[in-house]
Amino acid sequence: MYRCTWQGKVVVEIPGQELVDGCPVYHPEAKEDPRIAELRASGPTPHSPHPTPSEVLLRLLDSPSVASKRWVFEQYDSTVQASTVIPPVAMPA
């Protein structure tokens, strides 16, 4: 039996097995951002043999390994196991 109390009163009482077998399952729709699909379809950016610093920067920013990781950051539960002392600060858009 899973039981929660608040100020000495039982506020929730659920059979533990229901939390395992009867819980809702969430299956979010997976879809790629149309802007990313367009970039991927366009192929790599052509490069000059002697790139300027601006071209090098654009080449780096074009790389998937440098792309924004915001979607992971915003979905990660930083309070897993309640051991977070200082929560992360959201990055500006």
Side-chain angles (χ1 to χ4, degrees):
M1 186 62 70
Y2 178 77
R3 189 173 292 123
C4 293
T5 60
W6 175 256
Q7 297 180 346
K9 295 173 77 174
V10 175
V11 292
V12 173
E13 193 171 80
I14 304 170
Q17 199 60 40
E18 288 298 314
L19 293 173
V20 176
D21 295 333
C23 64
V25 177
Y26 177 61
H27 297 284
E29 180 184 346
K31 60 182 178 180
E32 184 175 38
D33 185 315
R35 295 173 298 167
I36 301 302
E38 183 181 324
L39 285 172
R40 192 170 33 76
S42 69
T45 307
H47 306 298
S48 64
H50 303 289
T52 65
S54 300
E55 291 172 326
V56 172
L57 176 61
L58 290 174
R59 191 183 307 174
L60 281 171
L61 294 175
D62 199 27
S63 169
S65 63
V66 179
S68 172
K69 309 301 186 282
R70 176 183 295 263
W71 67 275
V72 175
F73 179 84
E74 290 178 347
Q75 291 182 29
Y76 179 72
D77 183 359
S78 63
T79 60
V80 172
Q81 297 182 354
S83 60
T84 301
V85 176
I86 300 173
V89 178
M91 302 293 290

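Here the structure is a predicted model, which means the values were calculated and not measured. What you see below is based on every heavy atom in this structure, not just the backbone, and it leaves out hydrogens, waters and symmetry mates.
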ILVMFWY cluster, V11 and Y2 together (side-chain gap under 4.5 Å) = yes
Do any N or O atoms from the side chain of T52 and from the backbone of E55 form a donor-acceptor pair under 3.5 angstrom?
->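 Yes.
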Minimum heavy-atom distance P15-M1, with the two atoms named =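 Smallest heavy-atom distance, with atoms named: N-SD, 3.7 Å.
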